[in-house]
Amino acid sequence: MSAVISIINQKGGVGKSTTAQALAAGLSLKGKSTLLIDLDPQGNTTYTRSTRGTRSTLYDALTKKSDISGAIEKSDSGDMIASSSDLSRLDIELSSTGKEYRLKEVLEPIKGQYDFIVIDTPPALGIITVNALTASDFAVIPAIAEIYSIQGVGQLYSTIKAVRDYCNPNLKIQGILLTRHNERTILNRDMREIIEDTASQLGTSIYNTFIREGIAIRESQAKKQDIFSYAPKSNPALDYLDFVDEVLERSNLYE
Ligand SMILES: Nc1ncnc2c1ncn2[C@@H]1O[C@H](COP(=O)(O)OP(=O)(O)OP(=O)(O)O)[C@@H](O)[C@H]1O
């Protein structure tokens, strides 16, 4: 069985790309076969992980110009499908009926090859994110424990509801992941209540693991390495490993 997990939040800078990279790398480290897909036209995950040596692109596959297999980069630490800036044109290109299902259709023939497919999404709730959610079993929502960030999470509700109603009734919100956590900031009771209320409004809960802030994250991304290879003992690496275990438990695929 394989699971498709989208990392979503329409807010920028909350740790979507960092979480997608760490989740895919961590799952690989634990022996799972993984495919990381960068659906964000900004391409931050692609910068860090891709060698950009493919015959074709994800855009080509989504617009039916070529087969998805030509866009996969194979590696021992997990496979990758890179993003490209033309993904931002998808809204215009995909005008036909069924445009929400393109990614799901494209992934169907290769899904069985992987235990997990992890999708990094752009900071927007347009057709790209809807495609990601339509193709997914689970959504993971990274957020920062700040009031504006948490309000933004509440605003995801209508998009998720629409996807469930029209495209993918099986979509589950696996949890809210608190990222970039500053150990000196104590999460006061009011804030914790607000976050828990937001989570229950979405029918989910907060992961027990918080991801602490650490300079190693930015350094590892600049060096194009995953956090576990670059700084395995750093706080974010340790936290992301615990998060990976929680994802395995919540996906009911723990072995
Ligand atoms: N735990 C962490 N500790 C320190 N820096 C972090 C941590 N997590 C993320 N960052 C940094 O914060 C910035 C934003 O993170 P990231 O790119 O993952 O967010 P994003 O939600 O994907 O943003 P966007 O939506 O704009 O693509 C990056 O510079 C990243 O290196």
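First listed ligand is number 1; within each ligand, the first listed atom is number 1. Starting from 1, each residue takes its place in the sequence as its number.
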Q | Nearest non-hydrogen protein atom, atom 13 (C) of ligand 1 | A | Arg180 NH1, 4.0 Å
Q) Just by distance, with hydrogens left out, do Gln42 and Asn44 show a side-chain donor and acceptor under 3.5 Å apart? A) no
Q. Where does Arg212 meet ligand 1, judged by heavy-atom distances below 4.0 Å: at the side chain, the backbone, both, or neither?
A. backbone
Q. Regarding Thr134 and Asn168, is there a side-chain donor-to-acceptor distance under 3.5 Å anywhere?
A. no
Taking distance alone, no hydrogens or angles, what donor-acceptor pairs closer than 3.5 Å link side-chain atoms of residues 146-156 to residues at least two apart or in another chain?
unit_1, atom_1, unit_2, atom_2, d
Ser149, OG, Ile144, N, 3.0
Ser149, OG, Ile144, O, 3.1

Q. Against heavy atoms of Val14, which atoms of ligand 1 measure under 4.0 Å?
A. 19 (O), 20 (P), 21 (O)
**Q.** Residue pair Thr19 / Tyr240, side-chain donor-acceptor N/O under 3.5 Å
**A.** yes
**Q.** Under 3.5 Å side-chain donor-acceptor pair for Thr48 and Gln221
**A.** no
Q. Taking atom types as modelled and ignoring hydrogens, do the side chains of Thr129 and Gln10 form a donor-acceptor contact shorter than 3.5 angstrom?
A. no
Q: Scan side-chain atoms only and decide if Ser17 and Asp120 contain a donor-acceptor pair under the 3.5 Å cut-off.
A: yes
Q: Would you mind checking which non-hydrogen protein atom is closest to atom 23 (O) of ligand 1, with the distance to 0.1 Å?
A: Gly13 N, 2.8 Å
Q.
Can you report which non-hydrogen protein atom sits closest to atom 19 (O) of ligand 1, along with the distance?
A. Gly15 N, 3.0 Å
**Q.** Residue Ile211 vicinity, atoms of ligand 1 by number, heavy atom under 4.0 Å
**A.** 1 (N)
(Q) Within ligand 1, which atoms have a heavy atom of Gln221 less than 4.0 Å away? (A) 30 (C), 31 (O)
Q. Nearest protein heavy-atom contact for atom 17 (O) of ligand 1: which residue, which atom, what distance?
A. Ser17 CB, 4.0 Å
Q. Among protein heavy atoms, which lies nearest atom 27 (O) of ligand 1, and at what distance?
A. Gln42 NE2, 3.2 Å
Q.
Can you confirm, on distance only, whether ligand 1 has an N/O atom lying under 3.5 Å from any N/O atom belonging to Lys16?
A. yes
Q: If you have a sec, work out which protein heavy atom is nearest atom 29 (O) of ligand 1 and how many Å separate them, to one decimal?
A: Arg218 NH1, 3.5 Å
(Q) Does only the side chain of Ile215 get under 4.0 Å from ligand 1, or the backbone, or both, or neither? Count heavy atoms. (A) neither
Q.
Whether the Ser77 and Arg49 side chains hold a donor-acceptor pair (N or O, under 3.5 Å, no angle test) is what I'd like checked.
A. no
Q | Between Thr34 and Ser28: side-chain donor-acceptor atoms closer than 3.5 Å | A | yes
**Q.** Close-contact set for ligand 1 against Pro123 heavy atoms, below 4.0 Å
**A.** 25 (O)
Q: Name all residues meeting the ring pair (Phe, Tyr, Trp, His ring centres under 6.0 Å) criterion together with Phe243; count only those two or more places apart in sequence or in a different chain, and write none if there are none.
A: Tyr207
(Q) Among all the protein's non-hydrogen atoms, which is closest to atom 9 (C) of ligand 1, and how far away is it? (A) Thr18 OG1, 3.4 Å
**Q.** atom 10 (N) of ligand 1 [closest protein heavy-atom partner, distance rounded to 0.1 Å]
**A.** Ile217 CG2, 3.8 Å
**Q.** Validation row: Ile81, Asp38 side chains within 4.5 angstrom (heavy atoms)
**A.** no
Q: Look only at interatomic distance and state if Gly214 has a nitrogen or oxygen under 3.5 Å from any nitrogen or oxygen of ligand 1.
A: yes
Q | Contacting atoms of ligand 1, where contact means under 4.0 angstrom from a heavy atom of Asp40 | A | 27 (O)
